[in-house]
Amino acid sequence: MPELPEVETIRRQLDPKVAGRKISAVEIGLPRLIKYPDVESFCRLLEGQTILQLERRGKYLLFRLADGRMLVIHLRMTGRLYYQSIDEPRDKFTHIVFKLDNGFELRYADIRTLGTLELVTESELPRLKGLHGMGPEPLTEAFDLIYFSELMSKRKGKVKALLLDQRWIGGLGNIYVDESLALAGIHPERLANSLNADEVSRLYEAINRVIKEGIEHGGTSFRDYVDGEGKAGQHQQHLRVYGRKKQPCRICGTTIERHEVAGRGTYYCPHCQK
DNA sequence: CTTGGTTCCTGCGTGC
DNA sequence: TGCACGCAGGAACCAA
């Protein structure tokens with residue numbers, strides 16, 4: 001389940017490999033993954049294009065192209081991107097292939113096929129609602145304590161639901177939300193506007209820290225995630241609560257619990273998180 | 001405006 | 001051992 005740290009890890013690995021490369025051909029094995037424009041235009045507009053650089057916004061990967069267009073890929077749950085030689089056998093779940101001009105291919109593989117690929121011009125960007133309406137990301141200037149405090153104070157819903165909502169904060173998913181709340185010592189079902197100034201500050205610092213750690217560890221491989229080189233991340237070894245149901249809290253030894261919160265499997269320490 | 005439920009999708013873990 | 005079942009969850013969409 002790629003979140004900001006996983007997608008950033010992929011971006012860092014793939015950018016030096018694809019930047020400056022020309023897409024010589026596109027192969028579509030599963031047309032419904034192409035959400036915009038139609039499949040024929042998608043292929044025609046991409047063929048012959050040069051990739052300038054690979055960027056990221058939240059959980060989106062953005063391939064900036066020479067004609068000003070952007071190839072926008074969201075991996076959702078199980079999407080993977082591989083940069084491999086044409087001689088290497090393709091993963092059985094490979095659905096889209098971008099053939100490059102150097103004997104290598106950029107391969108999009110996806111087990112659950114929930115990922116999306118779109119090709120847009122600059123002026124068509126607002127069409128991509130999730131990308132266009134995304135809030136500031138952790139570790140950026142726009143995501144400062146003032147923004148976060150005001151956000152928390154004016155929202156009545158559960159703090160976990162708020163942290164998951166990409167319109168307010170871009171890039172957090174289920175794993176890093178649970179980890180942030182654990183590090184801050186805040187119960188996931190607390191209402192956002194019930195947090196006092198100290199708790200808001202702790203949560204703000206925790207979000208930035210877990211995202212930073214996640215990137216430094218090359219992402220979390222809980223189930224399906226692998227990086228741009230097909231390797232697992234290392235952050236799963238550092239998880240505080242996520243996926244640790246019935247295991248002891250690393251701080252106090254209390255058994256980690258799992259409940260559904262905001263429609264998501266949610267892990268927390270009932271002793272440390274109030 | 002908000003929030004909660006449904007849908008998409010398939011490999012895999014669980015239990016009988 | 002084999003099989004049925006339900007879970008995993010990001011985001012669009014709809015209803016209340």
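Worth saying up front: this structure is predicted, and the values here are computed from it rather than measured. Each chain gets a letter, A, B and so on, in the order its sequence line appears, and its residues count up from 1.
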### Query
Would you say A/His74 reaches C/dG10's phosphate, i.e. side-chain N/O to OP1/OP2 under 4.0 Å?
no
#### Entry: Contact under 4.0 Å: A/Arg32 side-chain N or O vs B/dC9 OP1/OP2
yes
### Query
So, are A/Glu8 and A/Arg11 salt-bridged, with charged N and O less than 4.0 Å apart?
yes
### Query
Taking only residues at least two apart or on different chains, which pairs with a member in residues 115-134 of chain A satisfy salt bridge (Lys or Arg N to Asp or Glu O under 4.0 Å)?
A/Arg64-A/Glu122
### Query
Should the ring pair A/His217 and A/His238 be called parallel, tilted or perpendicular, given that the plane angle runs from 0 to 90° and is split at 30 and 60?
parallel
#### Entry: Nearest-0.5 Å distance, CG of residue A/Leu106 to OH of residue A/Tyr82
12.0 Å
### Task
Can you label the angle between the A/Tyr204 ring and the A/Phe148 ring as parallel, tilted or perpendicular, going by 30° and 60°?
tilted
### Task
Calculate the interatomic distance between A/His132 atom NE2 and C/dA12 atom P; express it in whole Å.
13 Å
### A/Lys160 versus A/Asn174, side-chain donor and acceptor atoms under 3.5 Å
yes
### Query
Quick one: is A/Gln166 getting a side-chain N or O under 4.0 Å of the C/dG10 phosphate, OP1 or OP2?
no
### Message
Over all strands shown, is A/Gly263 touching base, sugar-phosphate only, or nothing at heavy-atom distances under 4.0 angstrom?
### Response
nothing
### Message
Can you tell me if A/Lys59 touches the phosphate of C/dA11, counting only side-chain N or O atoms and a distance under 4.0 Å to OP1 or OP2?
### Response
yes
#### Entry: End-to-end axis angle, where each axis spans five pairs of the helix from B/dT2-C/dA16 to B/dC16-C/dG2, to 10°
50°
### Query
Once you round it to whole Å, what is the distance between P of B/dG11 and CG of A/Leu114?
12 Å
### Task
Counting heavy atoms from C-beta on, name the nucleotide in B/dG11, B/dC9, C/dA12 closest to the side chain of A/Arg112.
B/dC9
### Task
Mind calculating the distance between OH (A/Tyr108) and P (B/dC9) to the nearest angstrom?
13 Å
### Message
At less than 4.0 Å, is any side-chain N or O atom of A/Arg155 found next to OP1 or OP2 of B/dT2? Yes or no.
### Response
yes
